[in-house]
Each structure stands twice: as structure tokens, then as C-alpha cells.
Amino acid sequence: GRIWLLTNAHLVRGQNPVRATMLDGTTLALGPCEFAVGRDLARFPLDGNRPALEVRPGLPDVGERVTVLGNSDGRGVITELNGRVVGVGPTEIEVDATFTAGNSGSPVIDRNGRVLAVASYLRNCRDDRDWSKTNTRFNGIRRFALRLAGVKWERE
């Protein structure tokens with residue numbers, strides 16, 4: 001029944017104070033930060049009754065359409081990046097939505113607007129010496145998001 005602001009821990013760890021601003025310029029009142037054990041996630045309780053996205057339970061399907069809403073390239077504007085789930089694991093999903101620096105902490109949402117995961121990191125898997133990766137998605141940039149299921153939260 002609580003409303004939380006979720007993001008990546010690498011964005012807020014060591015920052016004091018942490019500020020969050022809505023598109024209309026309103027600054028949110030953030031409660032004390034909690035960090036996920038073993039995952040790059042942080043959350044802040046929000047005061048007041050406000051619209052929020054719902055976290056979707058369960059696993060997404062490989063091939064399912066997704067959208068990453070975020071701050072691509074850190075330019076201070078909301079961007080919408082569409083793609084599909086291309087891999088599912090116990091703590092992460094891989095997507096082909098072309099998120100980049102600045103999208104860390106962004107929600108990865110399903111077609112019904114429910115949060116599947118939090119965009120977290122890119123991995124450069126390019127290796128031209130490995131012939132088995134030639135002409136596959138495994139020979140380039142891969143994009144990963146952290147699932148919210150099974151997270152244990154604690155305050156530092």
C-alpha cells in the first residue's frame with residue numbers, strides 16, 4: 001500500500017540530500033532511503049497520495065513488448081524507448097530497447113504500464129575473435145534491467 005520512488009543505487013549512494021523533481025517542477029519529499037541486498041536498487045518512500053505505476057508480479061515473457069521511460073543521455077527530458085524482452089533471469093531481464101547512459105533507474109514497463117524491472121546497465125560483449133558470436137546480438141551492446149521480485153531491502 002505504500003508508494004515508492006525506485007531507482008538504481010549507483011545513482012544515489014553517497015548523495016546527500018537526494019532530490020527528485022517532477023516534470024512540472026514539483027520537488028518530491030523523499031523518506032529515508034533503503035537499498036536492495038545484492039542488487040543495484042534503491043527506494044524512497046513518498047509522502048502523500050499521488051499517481052504511481054504498479055509493479056507487475058511474475059516473469060515477463062521472452063519476446064514481450066516493453067518500453068523504457070527515462071532520461072536518455074542525461075539531457076533532462078523524458079524519452080520513450082520501445083523494444084522487447086530478449087532474456088529472462090532470476091534477478092535480471094535483458095531488453096533490446098536501446099537505452100543508454102542517463103536511463104539508469106528508469107522503469108521498464110509492459111504494454112499495460114506496469115513495471116517489470118529497473119533499467120540498470122549496458123555490457124559491451126563485442127569480441128570479433130569469437131567467430132561463434134558473428135552476426136548475433138551477443139556480439140555488441142547488451143542492455144540489462146533489474147527485476148523487483150524477491151528483493152530484500154535494508155537501510156544503510
Side-chain angles (χ1 to χ4, degrees), residues 1-15 18-23 28 30-46 50-127 133 135-156:
R2 283 207 82 172
I3 297 175
W4 300 90
L5 174 88
L6 291 155
T7 191
N8 289 123
H10 75 262
L11 297 173
V12 298
R13 190 169 263 126
Q15 302 294 318
V18 174
R19 291 191 178 94
T21 305
M22 301 292 288
L23 287 174
L28 298 176
L30 301 177
C33 186
E34 295 180 354
F35 293 95
V37 175
R39 293 188 209 176
D40 181 26
L41 292 170
R43 72 179 185 179
F44 298 85
L46 295 176
R50 64 184 63 256
L53 298 174
E54 176 187 341
V55 174
R56 182 175 123 183
L59 294 170
D61 294 322
V62 172
E64 183 174 339
R65 292 182 185 277
V66 295
T67 300
V68 178
L69 296 175
N71 181 21
S72 299
D73 202 28
R75 296 299 190 195
V77 297
I78 297 297
T79 55
E80 179 181 311
L81 305 167
N82 296 302
R84 294 185 182 275
V85 173
V86 294
V88 178
T91 61
E92 299 180 350
I93 63 171
E94 183 179 355
V95 299
D96 66 3
T98 56
F99 70 80
T100 187
N103 288 118
S104 291
S106 298
V108 177
I109 60 174
D110 68 12
R111 66 179 181 210
N112 295 315
R114 297 175 300 176
V115 178
L116 296 172
V118 175
S120 187
Y121 68 97
L122 311 172
R123 175 146 305 155
N124 185 355
C125 298
R126 185 162 190 85
D127 183 358
K133 290 183 175 184
N135 297 322
T136 72
R137 69 179 178 87
F138 303 104
N139 196 28
I141 304 297
R142 296 174 68 189
R143 292 162 171 86
F144 296 90
L146 301 175
R147 295 184 53 222
L148 300 170
V151 174
K152 180 181 175 192
W153 299 95
E154 64 183 20
R155 289 193 188 157
E156 283 191 345

Enter the distance from E34:CD to L6:CG here, rounded to the nearest 0.5 Å. 10.5 Å
Distance (rounded to the nearest 0.5 Å) between S104 OG and L146 CG: 9.5 Å
Roughly how far, to the nearest 0.5 Å, is the CG atom of D73 from the CG atom of N103? 9.0 Å
Suppose we screen for ring pair (Phe, Tyr, Trp, His ring centres under 6.0 Å). Which residues come up paired with F35, at least two apart in sequence or across chains? none
From W4 atom CH2 to R43 atom CZ, the distance as rounded to the nearest 0.5 Å: 3.5 Å
For a quick test of reading the model, state the closest non-hydrogen atom pair linking L53 to I109 and the distance between them. CD1-CG2, 4.1 Å
If I compare all heavy atoms of V118 with all of T7, which pair ends up nearest, and what's the gap? CG1-C, 4.3 Å
When H10, E92, R142 are each screened for side chain to side chain donor-acceptor pair (under 3.5 Å) with Y121, the one that passes is E92
Would you give the length of the straight line joining atom CG of N82 to atom OG1 of T67, rounded to the nearest 0.5 angstrom? 4.0 Å
Student check: side-chain heavy atoms of L41 and N8 closer than 4.5 Å: yes
Heavy-atom side-chain proximity of R39 to V151 below 4.5 angstrom: yes
Could you pull out the closest heavy-atom pair between R147 and P90, with the gap in Å? NH1-O, 2.9 Å
Taking the side chain as C-beta and beyond, is there a heavy-atom pair between V108 and I93 under 4.5 Å? yes
Test: salt bridge (charged side-chain N to carboxylate O under 4.0 Å, His left out). Region: residues 59-68. Which pairs qualify, not counting sequence neighbours? R56-E64
On a heavy-atom basis, the closest approach of A145 and A117 is CB-CB, 3.6 Å
Please say whether more than 12 non-hydrogen atoms of neighbouring residues, nucleotides or ligands are located less than 6.0 Å from CZ in R114. yes
Can you confirm whether V88 sits close enough to P60 that some side-chain heavy atom of one is under 4.5 Å from a side-chain heavy atom of the other? yes
